[in-house]
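These notes concern the structure reproduced below.
Computed from a prediction, not measured in an experiment: that's the story for all the values here.
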Amino acid sequence: MIIQRPKGTQDIIGKTALKWQYLENEIRKICSEYGYQEIRTPIFEATELFQRGVGETTDIVNKEMYTFLDKGQRSITLRPEGTASVCRAYVENKLYAQAQPLKLYYLGPMFRYENTQAGRFRQFHQFGAEVLGGEDPLVDAEVIHLIWEFFQRLGLKGLEVHLNSVGCPNCRSEHRIQLQNYLQRRKADLCEDCQTRFERNPMRILDCKNKRCQSLTSGVPTTLDTLCNDCQEHFSQLQSYLKIVGIQYKINPKLVRGLDYYQRTAFEVLAEGIGAQNAICGGGRYDGLVKEIGGPPTPGIGFAMGMERLLAVLDMQKVEIDLETEEKVLIAALGDKARQEGFKLSGELRRNGIPVLMDLLGRGLKNQMKYADREGVRYVLIIGDEELAKDIIIVRDMKLGDQKEVPKETIKQYLLQNINNI
RNA sequence: GUGGAUAUGGUGAAGCGGUUAACACACCGGAUUGUGGCUCCGGCAUUCGUGGGUUCAAGUCCCACUAUCCACCCCA
């Protein structure tokens, strides 16, 4: 049996790799327009960072982390998400000394040990952005605006933005009491997971997908019902900002995200038609996180977008991506002398920005033509003994199917004038 | 962690107990010596995910394992 890639990983090749490049370019473009700087943090971190940052009660920490001991007996974890690392870097590099709010974005692989299915991988890729040091609802609005704008530019349709506020620690404790009171009598009817959640993290009972739990929680007090005045005000201001710029959203009082650090604003963007895993973007506010991992009290908000799922939506909606098909040149040389000349010429042309292929396998002319055809080459430069003798090169236009003799000295100018992607 | 489906050449696939494992595409070679895409001709799985079992006989039935896909939980 040949060695194959680990479960839940993928080789990104060919046309797909071009799509990734396209997306990455769009991401960098929009981030710079919104004033975000790139941050590159390690792919692995101390396990404790995620335990404290993401939260002990989360599925991520409980069952999905790639954790191992290194040779120094340190517990290391491949990052399952980006926010904790960014906050760690913020504290460690004292970025709070810079102009606030600090706006950072990242792009890269994340790792979660899960069973795979459509849209779920063990190594997947996220584009994420974080704003640290800004509490104003305008910050939240701008973050959501970036996401919205990004999807618009990609030409995606029919996406739903779900919005909720899960409150701050103050109103959360009130909510917890009300929720537990409400569910106390029916506790026994809850699913096994929710029985545990009842004590550890009752809020997450709200978004349990179990049908029985859902019916039990249909009239349950939501976090929106128990928001304190400040949180209420924050949430309504955010909404009015969103309305002003025409962002459509749905209030979803049961949207409770699976990461412990969220406070106040929580949101998800959902897409149809890509399988059961339909969240292509998720995020929220995490005002307590920086302090939690040992930094100064700093408000923060961010999101993460799943690249694979984004690509899946793009494919599903048949969005045409402009995969620059550049016009290439192939030098078809016949004989040793011609190969030497051709090799020399290839360097000169490339130095002028002309993409050049050469036959490297010593094929005959016929097969070089075939190779050129398969590689989508526009111009084949044929050099053989006859051409060497006359100091010319035959330039064959593969698209038009005609060819002409061009003096060797003017070949560069000729190509520069005729290739339209230079 | 749990459940379901699937596993035949580079790819898509026929075959569902009985002599040489269809077919298509791709690939390779050829059709007057130096010209691609179209056409024609030829080549291309001693073998059916792995291991075991049933049988006179197994790609075809049974069991286990592994992998893939989808789904549950949760999420990107």
Span that lies between the P atom of U68(B) and that of C63(B), in whole angstrom: 22 Å
Determine the Euclidean distance between corresponding P atoms of C28(B) and C44(B); express it in Å to zero decimal places. 16 Å
With a 6.0 Å cut-off (strictly less than), is the heavy-atom count around CZ of F68(A), excluding the residue itself, greater than 12? yes
side-chain N/O T58(A) vs C74(B) OP1/OP2, d < 4.0 Å: no
Could you give all pairs that pass the ring-ring contact (aromatic ring centres under 6.0 Å, His included) test and reach residues 5-25 of chain A, with sequence neighbours left out? W20(A)-H125(A)
When the C1' atoms of G42(B) and U55(B) are compared, how many Å lie between them, rounded to an integer? 41 Å
Which base, if any, makes a Watson-Crick or G-U wobble pair with G1(B), both distances under 3.5 Å? C72(B)
Using atom P in both nucleotides, what's the gap between A76(B) and U66(B) to the nearest angstrom? 30 Å
Checking only heavy atoms, does the side chain of D373(A) share a donor-acceptor pair with the base of G36(B) at less than 3.5 Å? yes
Using atom C1' of each nucleotide, how far apart are C70(B) and C61(B) to the nearest Å? 27 Å
Expected rows: protein N/O vs nucleotides 1-4 of chain B N/O, under 3.5 Å:
| unit_1 | atom_1 | unit_2 | atom_2 | d |
| --- | --- | --- | --- | --- |
| U2(B) | O4 | N115(A) | ND2 | 2.5 |

Counting N and O atoms only, with roles assigned by atom type, does the side chain of N25(A) sit under 3.5 Å from a partner on the main chain of Q21(A), one being a donor and the other an acceptor? yes
Expressed as a whole number of Å, how far does the P atom of C74(B) sit from that of C16(B)? 45 Å
Measure from CG on D359(A) to P on U35(B) and round the result to the nearest Å. 15 Å
Are the charged groups of R378(A) and D397(A) less than 4.0 angstrom apart, N to O? yes
Hey, is the side chain of R374(A) poking within less than 4.0 Å of OP1 or OP2 on C27(B), counting only N and O atoms? yes
Just wondering, do Y371(A) and G36(B) stack (centres under 5.5 Å, planes under 30°)? no
Return no unless some side-chain N or O of Q117(A) is found under 4.0 Å from OP1 or OP2 of C72(B). yes
Tell whether Q368(A) reaches the base of U35(B) with its side chain through a donor-acceptor pair below 3.5 angstrom. no
